[in-house]
Amino acid sequence: MTRSRRGATVAAMTRSRLRPLLAAVLLLALAAAIPQSASAARLRQARFLVSFDGTVKTAWDLPRFQTYADCYDTIWMEGSGSETWHVHSTGANRMIAFDNGVATQFAFGSWTMNADTGLTGLKAKGERDRHGSYKTTYTAGTCGVGGGTVDPPRPNDCGTRLVNYEIPLSILKGELTPDVLASGNGIREKTDYSACELVAPENVLAGAWPAASGKLSRKTLFGPHRSIVVHGHDAWSDKQPTHGGAGVTNAGTTIDWKLTLTRGRGR
């Protein structure tokens, strides 16, 4: 083979070996220039200092009604009760809101993403005051004798509870909903009631924080507003037959809450 042909052959082989290498370098350069995913490209974040204040009030009343009568006694029952539950955030609650274009989520306790704070919601405290009881009395029976007595009140654990809470926040389709969960109390500390009557409307779980939403859009959350205030309110009431329909309990629950988000500055 002549020298010129050998040179041409070597050059061709070199080019054929370089093509895959050049293609790999080009792919790496393109990968570096393109975001890892469409979700990453759409990810938005906002930092806030958050405060919360909310109150749930429940009241119930069972007007006096007759449960039984015989020759010697006519038996009557009545009852009433109420609960006022106030919960408020404590300290500087830092929160990050982040959105990937599909869903909005919150992280609590830090302005650093993926920080291990151990928090699932805002830090809060609450004061809960509950009272409730039934009373049974006796009047004269159908023969005009007996009556004049009252059953002694049943033992109860009504009163005031001071409880630590966490308040998770969830947002869906422009509606923000807070929840209130007991958190961080001592194992011997009473955080609930076991023998204090509370009657709530049938679509409200007595003793639990009811779900009530406030309006908060993504546009507002990730917009230019320095401060955002969200309000929630709801109310429920009904009449519940008791003792086979002889008596009727009137029950009502209202909830009002306010959440204030102030955009965070600094670290």
A.B. asks: Verify, without hydrogens or angle tests, whether Asp238 (side chain) and Glu202 (backbone) share a donor-acceptor contact under 3.5 angstrom.
C.D. replies: yes

A.B. asks: Counting C-beta onward and ignoring hydrogens, is there a side-chain heavy-atom pair between Phe106 and Leu176 closer than 4.5 Å?
C.D. replies: yes

A.B. asks: Return the minimal non-hydrogen interatomic distance between Trp257 and Pro178, and the atom names on each side.
C.D. replies: CZ2-CD, 3.5 Å

A.B. asks: Not counting sequence neighbours, which residues clear side-chain contact (heavy atoms from CB on, under 4.5 Å) with Thr260? List them please.
C.D. replies: Ser51, Ser227, Val229, Lys258, Thr262

A.B. asks: Applying salt bridge (charged side-chain N to carboxylate O under 4.0 Å, His left out) as the test, list every pair that has at least one member in residues 62-76; sequence neighbours left out.
C.D. replies: none

A.B. asks: Rounded to the nearest 0.5 Å, what's the gap from CZ on Phe48 to CZ on Phe108? Could you check?
C.D. replies: 12.0 Å

A.B. asks: Decide whether His86 and Asp53 meet the rule of one side-chain donor and one side-chain acceptor closer than 3.5 Å.
C.D. replies: yes

A.B. asks: List for me each residue that meets side-chain contact (heavy atoms from CB on, under 4.5 Å) alongside Leu205, sequence neighbours excluded, and say none if there are none.
C.D. replies: Ala208

A.B. asks: Under 3.5 Å, is there a donor-acceptor pair between the Asp129 and Thr160 side chains?
C.D. replies: yes

A.B. asks: Would you check if Leu169 and Leu259 make a side-chain contact, meaning some heavy-atom pair closer than 4.5 Å?
C.D. replies: yes

A.B. asks: What pairs with Ala59 under side-chain contact (heavy atoms from CB on, under 4.5 Å), at least two apart in sequence or on another chain?
C.D. replies: Ser82

A.B. asks: So, for Ser213 and Thr177, which heavy atoms are closest and what is the spacing to 0.1 Å?
C.D. replies: OG-OG1, 2.6 Å

A.B. asks: Under a 4.5 Å side-chain heavy-atom rule over Ile, Leu, Val, Met, Phe, Trp and Tyr, are Trp76 and Val248 clustered together?
C.D. replies: no

A.B. asks: Let me check something: do Phe222 and Val230 share a hydrophobic cluster, defined by ILVMFWY side-chain heavy atoms less than 4.5 Å apart, either directly or through other members?
C.D. replies: yes

A.B. asks: Counting C-beta onward and ignoring hydrogens, is there a side-chain heavy-atom pair between Thr55 and Asp256 closer than 4.5 Å?
C.D. replies: no

A.B. asks: Rest of the hydrophobic cluster containing Ile75 (Ile/Leu/Val/Met/Phe/Trp/Tyr, side-chain heavy atoms under 4.5 Å)?
C.D. replies: Tyr68, Tyr138

A.B. asks: Please list, chain by chain and in numerical order, all residues satisfying side chain to side chain donor-acceptor pair (under 3.5 Å) with Asp179, sequence neighbours excluded.
C.D. replies: none

A.B. asks: Treating Thr58 as the side-chain partner and Ala200 as the backbone partner, does any N or O pair qualify as donor plus acceptor under 3.5 Å?
C.D. replies: no

A.B. asks: Which value, rounded to the nearest 0.5 Å, describes the distance between Gln45 atom CD and Asp99 atom CG?
C.D. replies: 10.5 Å

A.B. asks: Decide yes or no for Pro210 and Val56: does some side-chain heavy atom of the first lie under 4.5 Å from some side-chain heavy atom of the second?
C.D. replies: yes

A.B. asks: Is it true that a side-chain atom of Arg130 and a backbone atom of Cys196 form a donor plus acceptor pair closer than 3.5 Å?
C.D. replies: yes

A.B. asks: Return yes if some donor-acceptor pair links the side-chain N/O of Arg161 with the main-chain N/O of Asp192 below 3.5 Å, else return no.
C.D. replies: yes

A.B. asks: Once side-chain contact (heavy atoms from CB on, under 4.5 Å) is applied, do any residues pair with Ala124, and if so which ones, sequence neighbours excluded?
C.D. replies: Val87, Tyr165, Ile167

A.B. asks: Calculate, to the nearest 0.5 Å, the distance between atoms CG and NZ belonging to Asp157 and Lys190 respectively.
C.D. replies: 5.0 Å

A.B. asks: Taking only residues two or more places apart in sequence, or in another chain, which ones meet His225 in a side chain to side chain donor-acceptor pair (under 3.5 Å)?
C.D. replies: none

A.B. asks: Could you work out, with side chain to side chain donor-acceptor pair (under 3.5 Å) as the rule, every residue matching Lys135, not counting sequence neighbours?
C.D. replies: none

A.B. asks: Considering all heavy atoms of both residues, which atom of Ala251 and which atom of Gln240 are nearest to each other, and what is their separation?
C.D. replies: CB-NE2, 4.1 Å

A.B. asks: Could you work out, with side chain to side chain donor-acceptor pair (under 3.5 Å) as the rule, every residue matching Glu175, not counting sequence neighbours?
C.D. replies: Lys215

A.B. asks: Is there a path from Phe98 to Leu119 through hydrophobic residues (I, L, V, M, F, W, Y) whose side chains come within less than 4.5 Å of each other?
C.D. replies: no

A.B. asks: Taking all heavy atoms of Asn164 and all of Gly184, pick out the closest pair and write down the distance.
C.D. replies: ND2-O, 4.0 Å

A.B. asks: So, do Arg47 and Arg94 sit near enough that their side-chain heavy atoms are less than 4.5 Å apart?
C.D. replies: no

A.B. asks: Residues in ring pair (Phe, Tyr, Trp, His ring centres under 6.0 Å) with Trp236, at least two apart?
C.D. replies: none

A.B. asks: To which residues is Val199 joined in a hydrophobic cluster, defined by side-chain heavy-atom contacts under 4.5 Å among Ile, Leu, Val, Met, Phe, Trp and Tyr, whether direct or through other members?
C.D. replies: Trp60, Leu62, Phe65, Met77, Tyr134, Leu198

A.B. asks: Taking all non-hydrogen atoms of both residues, which atom of Gly144 and which atom of Ala140 are closest, and how far apart?
C.D. replies: C-CB, 4.0 Å

A.B. asks: Can you see which heavy atom on Thr137 is nearest to which on Val150, and at what distance?
C.D. replies: CG2-CG2, 3.8 Å

A.B. asks: Does Asp116 CG have over 12 foreign heavy atoms under 6.0 Å away?
C.D. replies: no

A.B. asks: Determine, step by step, whether Arg263 and Ile228 satisfy the side-chain contact (heavy atoms from CB on, under 4.5 Å) criterion, reporting the C-alpha distance in whole Å, the side-chain angles of both residues, the deciding distance to 0.1 Å, and the verdict.
C.D. replies: CA-CA 8 Å; Arg263 295 199 186 273; Ile228 303 168; 3.8 Å; yes

A.B. asks: Return the CG to CG distance between Asn93 and Leu122, rounded to the nearest 0.5 Å.
C.D. replies: 4.5 Å

A.B. asks: To the nearest 0.5 Å, what is the distance between NZ (Lys57) and CH2 (Trp85)?
C.D. replies: 15.0 Å

A.B. asks: What's the spacing between Leu261 CG and Leu216 CG if we round to 0.5 Å?
C.D. replies: 7.0 Å

A.B. asks: Taking Val50 as the starting point, is it possible to reach Ile96 by hopping between hydrophobic residues whose side chains are less than 4.5 Å apart?
C.D. replies: no

A.B. asks: Should Ser183 and Leu181 count as side-chain neighbours, where that means a heavy-atom distance under 4.5 Å?
C.D. replies: no

A.B. asks: If we only count heavy atoms from C-beta on, is the Leu49 to Trp111 side-chain gap below 4.5 Å?
C.D. replies: yes

